[in-house]
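Here's the structure we're looking at; comments come further down.
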Number of protein chains: 2
Amino acid sequence: MLTNSRIAYHRHDHKRCINAALCRAKELCDARKARLTPIRETVLKTIWASHRPLGAYEIVDQISQSETSAHRVFPPTVYRAIQFLLDQGLIHRLSSLNAYIGCPFPGNYHSDFFLICEQCGSTAECSDDQVDHAVIHAAGRANFQVESKVIEIVGICPECQV
Amino acid sequence: MLTNSRIAYHRHDHKRCINAALCRAKELCDARKARLTPIRETVLKTIWASHRPLGAYEIVDQISQSETSAHRVFPPTVYRAIQFLLDQGLIHRLSSLNAYIGCPFPGNYHSDFFLICEQCGSTAECSDDQVDHAVIHAAGRANFQVESKVIEIVGICPECQV
DNA sequence: AGAAAAGATGTTACTTTGTATCGTTTATTC
DNA sequence: GAATAAACGATACAAAGTAACATCTTTTCT
């Protein structure tokens, strides 16, 4: 099982997460000749500020209030950056929260699901063949041809359990 | 595997679906001393008009435009009815669509997922132990305690496949 | 039965999330 | 270096959902 749950739910040097994410993003975009412009990078960095999914308007506020960006940023700008990052597989959207989170292993194909802690909000991404197969098998029994999946598990992360 | 996919994706006498749903709703509410008021029943009936998930504002429009209801209905009224129906397990919310669909087997405990046809919109509900176990097992490996799940599969239903 | 409390609805106004549009700027290509 | 494509800034708007409060209907409790 591929997952960042060991990191996401435990104390760690988060700067390394951010650096790694930005680094991989640059590499990937470079290889694909996709343009990781300053705003796009800023949005990605803002999303990667923690392991908690961030709403689009939270991103707008964060960037608008930070000193580094001279002026206010508008929702469409952020949504466009989000769309780009989604297209590149650098972030994911959590439908149940209307929020966005950085992908810890972009590039590799992965059919993922998310473990959202209802206590602290921290969210880990997992990719597991068992889950994948179970879903495809179940769909197959209904003669349903799977194109994409949204799997979001809400519960309590190891750190928040008593 | 418990599912209504055989019905949902194929030609059938849909009046029987509607009747059955309303009948079970009455029974359940009766048993629970929950009040299935006229508006709540109207909303439930509107949602059950097809096997396609319906947005809240579509429900508002449908009811407002129907001859049976004398006057316009407001969003909060519909949202309140929706909340009641969700609480009673008579309908489900599809996060990825911001839409609502009738539950074909309310009352029985079921951990469900949905097969959403991207072509015709018809959506079937499934309940499968394999999927359930796979998810819980995967979460367990991350020491994550599952409370609830959102599983929504998008693809092509048997009827829409070439 | 009648008062009191609880539950449900009607209505207005508002918040949150997400887009269409258009003019301008910045890269890329030839 | 002009032409083209891609990205951004800004305004306005659409869609989804809720807070608040007045009113009405049930239920409950003497």
Side-chain angles (χ1 to χ4, degrees), chain A residues 25-26 29-30 32-47 52-64 66 68-88 90-101 150 152, chain B residues 25-26 29-30 32-47 52-66 68-88 90-101 121 150 152:
Chain A
K26 277 175 198 160
C29 288
D30 228 53
R32 295 169 181 164
K33 299 203 189 306
R35 290 170 51 197
L36 188 64
T37 62
I39 317 122
R40 290 170 178 172
E41 193 173 338
T42 302
V43 169
L44 183 60
K45 209 183 300 184
T46 305
I47 291 174
R52 287 194 313 99
L54 225 55
Y57 277 72
E58 288 184 283
I59 298 169
V60 169
D61 292 347
Q62 288 290 324
I63 296 178
S64 292
S66 80
T68 50
S69 78
H71 55 294
R72 208 184 143 204
V73 86
F74 293 92
T77 304
V78 167
Y79 275 103
R80 280 188 288 234
I82 286 172
Q83 190 55 56
F84 171 85
L85 297 170
L86 286 171
D87 290 344
Q88 299 297 326
L90 296 169
I91 62 171
H92 297 291
R93 179 174 198 276
L94 296 175
S95 313
S96 64
L97 298 177
N98 291 339
Y100 305 86
I101 193 163
V150 170
E152 297 170 17
Chain B
K26 278 174 197 159
C29 288
D30 228 54
R32 294 170 183 166
K33 300 204 188 307
R35 291 168 53 195
L36 189 63
T37 62
I39 319 122
R40 289 169 177 174
E41 194 173 336
T42 303
V43 169
L44 183 59
K45 210 184 299 183
T46 305
I47 290 174
R52 287 196 311 100
L54 224 56
Y57 277 71
E58 289 183 282
I59 299 171
V60 169
D61 292 346
Q62 289 290 322
I63 296 178
S64 292
Q65 284 163 20
S66 80
T68 50
S69 80
H71 55 293
R72 206 184 145 205
V73 88
F74 292 92
T77 304
V78 167
Y79 275 104
R80 281 189 287 235
I82 286 172
Q83 191 54 58
F84 171 85
L85 298 170
L86 286 171
D87 289 345
Q88 298 298 325
L90 296 169
I91 62 171
H92 297 290
R93 180 173 199 276
L94 296 174
S95 313
S96 64
L97 299 176
N98 291 339
Y100 304 88
I101 192 162
V150 170
E152 298 171 15

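All chains are named by letter (A, B, ...) in the order of the sequence lines, taking the proteins before the strands, and each is independently numbered beginning at 1. The model shown is predicted, which means the values in this text are computed figures rather than measured ones.
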**Message:** Nearest to the side chain of B:R40, heavy atoms from C-beta on, is which of C:dT9, D:dA10, D:dA7?
**Reply:** C:dT9
**Message:** By nearest heavy atom, map B:F74 and B:A34 onto DNA chain C; which one lands nearer the 5' end?
**Reply:** B:A34
**Complete:** Checking C:dT17, D:dA19, C:dA20 against the side chain of A:R93 (C-beta onward), the nearest is C:dT17
**Fill in**
Per atom distances to the B:R35 side chain, the nearest of D:dT11, C:dT17, C:dA8 is C:dA8
**Request:** Output the single nucleotide from C:dG18, D:dT11, D:dA16 whose closest atom is nearest the side chain of A:A56.
**Result:** C:dG18
**Message:** Nearest whole Å is fine: how far is C:dT19 C1' from A:L86 CG?
**Reply:** 15 Å
**Prompt:** Can you find a heavy atom in the side chain of A:T42 that is under 4.5 Å from one in the side chain of A:S66?
**Reply:** no
**Prompt:** Base, sugar-phosphate, or nothing for A:R80, non-hydrogen atoms under 4.0 angstrom?
**Reply:** base
**Request:** For B:I59 and B:I82, run side chain to side chain contact (heavy atoms under 4.5 Å, CB included): C-alpha distance rounded to whole Å, both residues' side-chain angles, the deciding distance at 0.1 Å, then the answer.
**Result:** CA-CA 10 Å; B:I59 299 171; B:I82 286 172; 4.1 Å; yes
**Message:** Nearest to the side chain of A:Y100, heavy atoms from C-beta on, is which of C:dG18, D:dG17, D:dA7?
**Reply:** C:dG18
**Prompt:** Contact class for B:T77 vs. all strands (heavy atom < 4.0 Å): base, sugar-phosphate, or nothing?
**Reply:** base
**Prompt:** Is there a donor-acceptor contact under 3.5 Å from the side chain of A:R40 to the main chain of A:R35?
**Reply:** yes
**Prompt:** For the pair made of CD1 in A:I59 and C1' in C:dG18, what is the distance, rounded to whole Å?
**Reply:** 13 Å
**Item:** Candidate nucleotides C:dT19, C:dG10, D:dG17, ranked by approach to the side chain of B:N98 - the nearest
**Value:** D:dG17
**Prompt:** Counting heavy atoms not belonging to A:Q62, are there more than 12 under 6.0 Å from its CD?
**Reply:** no
**Request:** Find out whether A:T77 and A:I63 are in side-chain contact, i.e. whether some heavy atom of one side chain is under 4.5 Å from a heavy atom of the other.
**Result:** no
**Contact under 4.0 Å: B:Y79 side-chain N or O vs D:dT18 OP1/OP2** = no
**Request:** Please answer whether C:dT17 and A:Y57 are stacked, defined here as ring centres separated by less than 5.5 Å and planes angled under 30°.
**Result:** yes
**Asked** To the nearest angstrom, how far is B:Q88 atom CD from C:dG7 atom P?
**Response** 13 Å
**Request:** Send over the distance from B:E58 CD to D:dA15 P, rounded to a whole Å.
**Result:** 11 Å
**Message:** Expressed as a whole number of angstroms, how long is the span from A:L54:CG to C:dT17:P?
**Reply:** 11 Å
**Asked** Taking CG from A:L97 and P from C:dT16, how many angstroms apart are they, rounded to a whole number?
**Response** 16 Å
**Item:** Distance, rounded to the nearest Å, where A:L36 contributes CG and C:dA27 contributes P
**Value:** 14 Å
**Message:** Rounded to whole Å, how long is the line connecting atom CG of A:L94 with atom C1' of C:dT17?
**Reply:** 15 Å
